[in-house]
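The structure under discussion appears below in the form of structure tokens.
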Amino acid sequence: MEPSQETASLVKRLAGPSIGKAGLAKDQADINRIIADASKGSKFYENEKKKDQELTKKIEQMLKLRDELTSGADMQKVEASVDQLLHKLESQRDLSQTIVHFDLDSFFASVEVLNNPELGGKPFAVGHTVVSTASYEARKYGVRSGMASFIAKKLCPELIMVSHGMSEYSDMSHKVMAICKRYDPQMCPAGCDEGYLNITAYCAEHDMSPDACVEHLRSAVYSETKLTVSAGIAPNTMLAKICSDKNKPNGQFHLPFESEAIVAFMGDLSIRRVQGIGRVSERLLDSIGIKTCGDIFTYRATLSLMDKQFGLMHLLRTHLGIASNSVQPPQREERKSIGAERTFPPLGDKQKILEKLHEVCVELESDMEETQWTGRTITLKYKLDTFEVFTRAKSSTRWISKKEDLFAIGQELLLPELPLTIRLIGLRVTKLKDLYGPDPSIGIKRFFDTANGSSSPNKKRKLSASDQEISCETTSNIEDLPGPTDDESSNPVPNGLEATKPTSTRSRKPESKPRPPSVERERHICPVCEKKVAIENDAFNTHLDSCLSREAIREAQAESSASAESRTSPKQGDIWERWTKMTPGSRNSRK
DNA sequence: GCGGATCAC
DNA sequence: TATGGTGATCCGC
């Protein structure tokens, strides 16, 4: 056998991001070999190789830095100071909430089997050029989500490819989410096939153990949809998510709610399993000796010296198994961007490329109209036939949402870059403004559409701070309340410095966790919906606008039972839209 | 504010 | 023959 040219890291990289997340098959080395061979020579392969080599170089530099930092430091002393931090973190551990993460088993594939029982027991995959979901039979061959279909075929020649049935997935997902909401009305969906619940109240009210509650949930989902779901039960979202994988498929896992057991559980857990640590961070950490969450403790002094590179606090919390235990549905006003992008066979002709840009503009306009957003900053994204990705952005003084405007700015950004051979074009709009209202003719649009427009004569006529105060203070409620009740978003890992000093020692219900000063944001309670809202950057304006509009809807409906629904529907829409649009041309049903 | 990178799903 | 789309965040400048 000829020795392969690839480094171990490249072979692993080519196997895709989902490998290493799940348990790896015993013959994973053979599988990786097949994947690398099938990829070899392609532009995709060359780009992956380039990225892999750049990362290797970055690691070399990082190790040099580590040696400099550690050689000049009193490691014992550093360790002692980290141990103090650990002690402080441990003292803040909150085991009072019961958090559940649920996850439908191979969701798309399971729905396909329901609709076409012939597929049962066969190796098949949902997707077109790329595998979205593989059936468990296909996974035995090494077929994984995100894998190019032609590679999946090489791994499993009998593989059946099935195209997406998005509307069916949509229906099923809605059903499942509705069932889960019975156990916590504040359920937070995390995509179409998973989500988080806080079942503390439900268990208390129904005098039920967490295990029984989750059994009940899973059996309800199965009896009402014939879909199986796995779940994890733990004191916070990070642990619950990890636990839901433990007895997959169709199982549940309950982590003991005890500090020692939790730290032991984390001890031999691969660092890759924790949210926010992807393939790159895995390699970076591996290079300094960290493979498991237990290794974080071993190398705590090094991590402390390299806080900037690794984010010490987050890793310490991870080692201890401490994370947010707050579960909240996403808020509409939290949205930061809306965009569209499309891949196509590589094009070099300027006119053809502009046609693609136009198509993207048409789609984006339609999405922005449907979801009632407008924005000021346009970012063009393009991918060359070499798979290299670039972005170019431009901020406008006007609110952009029409395809003509999108296209004009898109062209302005793209034309100076040409000539190029391009395989993907995308546009994204940021600096958003919410236009959501019950009726566009009487909605926010009418009052504020021209408010910030440079073309508008009454310039800067936007709802100012003093305007806010009027509407808010008359309802007498705007005051800094006892601090944020949830913070610590379940968002990606901050890979940077975190405060070592609590800003507050006040304890509160879901979790008492100090917020780093650098992240401290002012929040006020909205007089309408009584939720806390960031006050800066127009966010409060935006929120209040939409909230008042929703209030108007509710009053018009004069139907108290519908009020909760009407308040939450826009948020759900956002999440929904996020995954509904996962695949191009599959919004409706398959062909 | 911009551009590159990383990550989740 | 052939490797997705949406959205978020962070860092360095």
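Here is how names work: the chains are called A, B, and so on, in the same order as the sequence lines, proteins then strands, and each is numbered from 1.
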Presence of A/Ser42 side-chain N/O under 4.0 Å of C/dA2 phosphate oxygens OP1/OP2: no
Nearest-nucleotide pick for A/Arg272, side chain only, options being B/dC9, C/dG7, B/dA8: B/dA8
Sugar-phosphate only, base, or nothing, as touched by A/Lys394 at under 4.0 Å among non-hydrogen atoms: sugar-phosphate
Touch class at under 4.0 angstrom, heavy-atom based, for A/Lys51 against every strand present: nothing
Below 4.0 Å: OP1/OP2 of C/dG5 and any side-chain N or O of A/Arg342: yes
Of the listed nucleotides B/dC2, C/dT6, C/dG7, the one nearest the side chain of A/Ala393: B/dC2
Presence of A/Lys381 side-chain N/O under 4.0 Å of C/dG7 phosphate oxygens OP1/OP2: no
Spacing of A/Ile425 atom CD1 relative to C/dG5 atom P, expressed in whole Å: 12 Å
C/dG4 OP1/OP2 closer than 4.0 Å to side-chain N/O of A/Arg423: yes
Touch class at under 4.0 angstrom, heavy-atom based, for A/Arg428 against every strand present: base
Atom-pair distance (CD on A/Gln309; C1' on C/dC10), nearest Å: 14 Å
Options B/dG3, C/dT3, B/dA8, nucleotide nearest the side-chain atoms of A/Thr391: B/dG3
Side chain of A/Thr343 (C-beta onward), nearest among B/dG3, C/dT3, C/dG5: C/dG5
Touch class at under 4.0 angstrom, heavy-atom based, for A/Ser145 against every strand present: nothing
From C/dG5, B/dC9, C/dG7, nucleotide with atom closest to A/Glu341 side chain: C/dG5
Sugar-phosphate only, base, or nothing, as touched by A/Arg376 at under 4.0 Å among non-hydrogen atoms: sugar-phosphate
Among B/dA8, C/dT3, C/dT6, the nucleotide that comes nearest once only the side chain of A/Phe44 is considered: C/dT3
Side-chain (A/Lys402) to main-chain (A/Ile400) donor-acceptor, under 3.5 angstrom: no
Pairwise P distance, C/dT3 and B/dA8 [rounded to whole Å]: 24 Å
Listed nucleotide nearest any side-chain atom of A/Phe150, set C/dG4, C/dA2, B/dC2: C/dA2
Atom pair distance, as rounded to whole Å: CD in A/Gln275 and C1' in B/dT6: 14 Å
Phosphate OP1/OP2 of B/dC2: any A/Arg392 side-chain N/O under 4.0 Å: no
With A/Ser230 via side chain to side chain donor-acceptor pair (under 3.5 Å) - residues at least two apart: A/Asp105
Phosphate-side-chain proximity, A/Ser337 and C/dA8, N/O vs OP1/OP2 below 4.0 Å: yes
Sugar-phosphate, base or nothing in reach of A/Ile151, heavy atoms under 4.0 Å: base
A/Val280 side chain, from C-beta outward: closest of C/dG5, C/dG12, B/dT6: B/dT6
Carboxylate-amine/guanidinium proximity below 4.0 Å for A/Lys291 and A/Asp286: yes
Minimum-distance nucleotide (side-chain atoms of A/Glu363 versus C/dT3, C/dT6, B/dC9): C/dT6
Side-chain ion pair, A/Glu54 and A/Lys51, N-O less than 4.0 Å: no
Under 3.5 Å donor-acceptor, A/Ser366 side chain and A/Val362 backbone: no
Under 3.5 Å donor-acceptor, A/Arg342 side chain and A/Val360 backbone: no
Length of the NZ-P vector between A/Lys383 and C/dT6, whole Å: 12 Å
